[in-house]
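All values below come from the heavy atoms of this structure, side chains included, with hydrogens, waters and symmetry mates left out. Since the structure is predicted, the reported quantities are computational estimates derived from the model, not experimental observations.
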Amino acid sequence: MKRWFAALLAAVMIWSTVGLRVSAAVPEEYTNTGTRHEVALSLSEQAQIYYGRTELPEEMVSLSGSDAEDSVMAAASDLFAALHAMMRDPLTHPVSYKSLTSYWPYTDASAGSAGAVFFYADTFGGDYSREHVWPKSHGNFHESGAGSDLHHLRPTNAGENSARNNYTFGNVAGVLDTYETFEYNGETILWLNADWRGDDNYGLVEVADDVKGDVARILLYVYVTYGELSGENLNLFTRMNPFGAGDAFNDGEKVIESLDTLLEWCAMDPVDTWEMSRNDACEVIQGNRNVFIDYPEFAWMLFNREIPAMLTPSGYALRNESSFQVLGQVNDQEAGIVMGDGGRWTAIPANGYYLRGYRLEPSGAATVLERNGEFALTDLRADCTLTFEFAPKENAVLRLLGPENEELPCMTGETVILPSRPDLIRPDEAGDDREYRFVGWVTQPVADSGEWPALYPAGHAYLPANRQTALYALYAYVVEDPDGALILCRPAEELREGPYVIGVEEFGSMMGSDNTNGAFEPDQALFRGGSVINAAEENVFYLSMLGDQYIIRDSLGRVLRANATKKLEFADDVKVITQDDPEYLWDIEWQKGGPVRIRSCREGVGMLQFNSHSPRFTAYTSAQTDITLYEAVYGYEFCCTLDQTPEEESHPDEESSEEVSSVGESYASDSSSAEPGDSSAESSIRESSLRETSIAASSEEESADHTDQMLFRGLWFLLAALAAAGIAVGIWLTVKRKK
């Protein structure tokens with residue numbers, strides 16, 4: 001019996017270990033919470049645990065790189081071998097090529113938002129195309145190994161993926177005399193010359209500056225993690241004849257034009273908090289990290305190049321940036337401490353205090369960047385002193401003003417989650433019966449304006465700078481005008497005849513009028529407050545009723561038709577439609593706040609749905625993604641605050657006479673602080689709010705979920721400990737019985 005008990009406990013221990021691994025794969029646990037282009041000034045806590053330190057690993061720094069002038073020979077160095085093992089060995093849970101699209105809405109989100117960032121376009125999208133940044137034709141991996149690695153493959157849309165092709169990365173704009181460009185959402189994102197044959201380059205493509213660092217660090221990851229001394233995947237910046245045993249897919253063409261370009265791109269676009277958070281997410285899923293994101297300095301060490309002065313998460317590259325001296329100090333020794341030297345400093349407030357700001361003297365001596373108490377000084381121009389201003393936390397009041405005034409008790413130096421407000425209709429004696437839509441909070445009253453001020457969205461964290469602070473509820477309203485511009489497509493409140501946009505918010509897509517093989521191509525849809533804000537005329541479809549069915553026309557008056565092969569198309573020669581023409585008629589099942597079912601009246605055709613895996617809108621008899629109807633509004637949109645009085649417009653902290661410099665950027669206003677080098681700040685300390693930290697509306701629930709997860713895991717660890725004890729007892733009893 002005792003043996004059975006010990007065996008049972010052992011089984012529980014094994015199962016609990018498996019359970020822990022499975023629970024770690026829940027998507028919500030690896031959502032990217034970073035922000036694009038917000039420079040990462042420190043390693044994440046997860047990265048620090050992975051390496052066991054924040055500095056570059058000492059045992060790696062002492063290893064030698066290579067002086068070789070080609071990427072094949074450079075792989076023979078001790079540092080290459082060590083970095084290879086550091087990234088390849090922990091890769092214990094590779095993902096499949098097909099599963100990539102299920103991870104991207106989490107790993108490639110931004111600041112916790114739903115949806116993935118299209119890689120080259122650097123903006124949100126949902127109709128994912130799998131992009132091998134290191135082209136499949138230039139590597140031996142195809143759709144496995146590096147060809148399905150989350151650190152490598154990125155989401156794009158089909159257009160940018162096709163335009164990028166498999167060309168060599170390089171500098172095109174301002175270098176080549178002739179080239180083409182590819183635009184997405186009104187922005188140029190690629191510069192291309194498909195016929196370029198200079199310096200062994202077979203076609204050349206340049207990406208936007210904000211993406212170049214990402215590209216460089218991905219290429220370095222693939223080169224080191226999947227590069228083999230047999231010659232496989234070593235054609236990073238050197239054209240080679242494939243000779244590796246598994247190199248059947250590699251044509252040997254180099255992936256980037258030169259080592260100089262690779263390092264130039266890596267330096268010009270520093271690691272941001274989004275890349276760092278994505279690295280965390282990929283580690284949770286796959287087990288390994290991209291070391292070139294955590295320590296970009298290794299890119300230069302690998303090729304025995306001098307590390308330039310640049311911002312990196314470890315700060316190693318700034319250590320010897322300048323001969324100028326920086327002194328760090330605090331305004332009150334009991335209020336907090338500061339640690340660091342040179343261009344890197346960390347401010348830690350004592351219990352009951354918070355970091356209110358800093359003072360740089362002389363003010364123009366350097367440029368100061370801050371992220372969550374981590375400071376980096378660049379462009380040092382003189383010896384200087386950086387004084388950190390700590391202040392005691394005090395009881396405070398945040399006044400939320402609008403139709404519903406509210407006072408929230410809080411503490412200075414502690415964030416408050418901003419609430420929402422209901423939309424409203426305001427009938428009054430002047431006949432104002434407009435519908436006002438709540439959009440967020442602002443620091444000053446706003447009269448009717450066609451330009452939106454910077455605002456704090458509901459559900460985000462606000463950090464009161466003073467003991468009395470006021471925010472104002474901002475509303476938007478629409479003045480409809482049939483001759484006005486198309487400005488807003490909002491979820492339909494009722495189903496009626498009129499103009500609509502057909503969209504899917506989950507995937508950031510709306511139906512366009514371009515038809516390919518019986519399906520309609522998706523266009524990117526931008527959402528604000530659940531409404532589409534970037535629809536064009538070609539995205540508008542008009543519903544009209546015929547009996548109990550609907551006729552759907554596009555903006556050119558063409559009728560949507562389901563043909564005999566179950567394909568959709570527009571017919572522009574239809575004069576009269578009757579109830580005897582089922583191919584032109586649609587049944588619409590609609591409920592407020594729910595999905596819309598638009599079913600063809602032609603038997604066997606199915607419903608108009610969205611295919612997220614092969615992005616398109618067409619008719620399906622199988623289950624795909626349901627669509628939403630967004631009512632198109634023509635006219636003009638204005639914003640304003642409501643029910644404000646002059647007395648409510650200003651609430652200064654009367655006891656706070658000393659002002660401090662900005663600790664960071666304000667989410668709500670770009671004018672809230674001067675730059676560190678602003679000469680007007682030399683004789684006084686400037687006032688600005690602390691940097692506002694954007695967090696998701698469900699942060700409290702997420703915190704509770706995290707607590708539950710910790711308790712859950714703690715229970716498994718307890719069971720595992722009991723199992724281990726049971727095994728030990730079982731062994732002891734067995735030995736004793738034998739004796």
Got a second to check how far [X]'s [atom1] is from [Y]'s [atom2], nearest 0.5 Å?
X      : Y      : atom1 : atom2 : result
Leu150 : Tyr103 : CG    : OH    : 7.0 Å
Thr378 : Leu318 : OG1   : CG    : 7.0 Å
Arg289 : Cys282 : CZ    : SG    : 9.0 Å
Leu236 : Tyr223 : CG    : OH    : 6.5 Å
Ile189 : Asp122 : CD1   : CG    : 9.5 Å
Arg217 : Glu275 : CZ    : CD    : 4.0 Å

Got a sec, which residues hit side-chain hydrogen bond (donor to acceptor under 3.5 Å, both in side chains) with [X], two or more places apart in sequence or on another chain?
X      : value
Asn288 : His151, Tyr221, Gln286
Ser129 : Asn161
Thr261 : Glu257, Ser258

Within a strict 4.5 Å, meaning less than it, do heavy atoms of the [X] and [Y] side chains meet?
X      : Y      : answer
Phe298 : Phe292 : yes
Met240 : Asp251 : no
Asp341 : Val326 : no
His152 : Val133 : yes
Trp134 : Val222 : yes
Leu153 : Trp104 : yes
Leu355 : Phe388 : yes
Leu220 : Leu262 : yes

Between [X] and [Y], is any side-chain donor less than 3.5 angstrom from a side-chain acceptor?
X      : Y      : answer
Glu232 : Tyr226 : no
Asn140 : Asn250 : no
Thr107 : Asn32  : no
Ser314 : Glu297 : yes

(request) Identify whether NZ of Lys or CZ of Arg in Arg381 sits under 6.0 Å from the centre of the six-membered ring of Phe324 and within 45° of that ring's axis. (result) no

(request) Determine, for Trp300 and Arg305, whether the Lys NZ or Arg CZ falls below 6.0 Å from the six-membered ring centre while staying within 45 degrees of the axis. (result) no

(message) Using the rule given for salt bridge (charged side-chain N to carboxylate O under 4.0 Å, His left out), can you reason through Arg36 versus Asp214, listing the C-alpha separation, both sets of side-chain angles and the distance that settles it, and then say yes or no?
(response) CA-CA 11 Å; Arg36 288 295 285 160; Asp214 303 66; 3.0 Å; yes

Tell me whether [X] contacts the main-chain N or O of [Y] through its side chain, where contact means a donor paired with an acceptor under 3.5 Å.
X      : Y      : value
Glu253 : Thr168 : no
Glu187 : Tyr184 : no
Trp265 : Asp269 : no
Ser102 : Ser99  : yes
Asn233 : Gly227 : no

(message) Under the rule for salt bridge (charged side-chain N to carboxylate O under 4.0 Å, His left out), what residues qualify as partners of Glu264, not counting sequence neighbours?
(response) none

(request) With sequence neighbours excluded, tell me which residues meet salt bridge (charged side-chain N to carboxylate O under 4.0 Å, His left out) with Asp70. (result) none

(message) With a 6.0 Å cut-off (strictly less than), is the heavy-atom count around CE of Met73, excluding the residue itself, greater than 12?
(response) no

(request) Step through the shown structure and confirm whether more than 12 heavy atoms of other residues, nucleotides or ligands are within 6.0 Å of CD on Glu69. (result) no

(request) Of all the heavy-atom pairs spanning Asp78 and Leu63, show the shortest one and how long it is. (result) O-CD1, 4.0 Å

(message) So which atom in Val61 and which in Tyr316 form the shortest heavy-atom distance, rounded to 0.1 Å?
(response) CG1-OH, 4.1 Å

(request) Fit a plane to each ring of Phe375 and Tyr358, take the angle between them on a 0 to 90° scale, and name the class: parallel (under 30°), tilted (30 to 60°) or perpendicular (over 60°). (result) perpendicular

(message) Does the plane of the ring in His84 sit parallel, tilted or perpendicular to the ring in Phe80? Use 30° and 60° as the thresholds.
(response) parallel

(request) Go through Thr101 and Arg130 one step at a time and tell me if the side chain to side chain contact (heavy atoms under 4.5 Å, CB included) criterion holds. (result) CA-CA 8 Å; Thr101 55; Arg130 299 172 180 86; 3.8 Å; yes

(message) Test: salt bridge (Lys or Arg N to Asp or Glu O under 4.0 Å). Region: residues 85-109. Which pairs qualify, not counting sequence neighbours?
(response) Arg88-Glu228, Asp108-Arg278

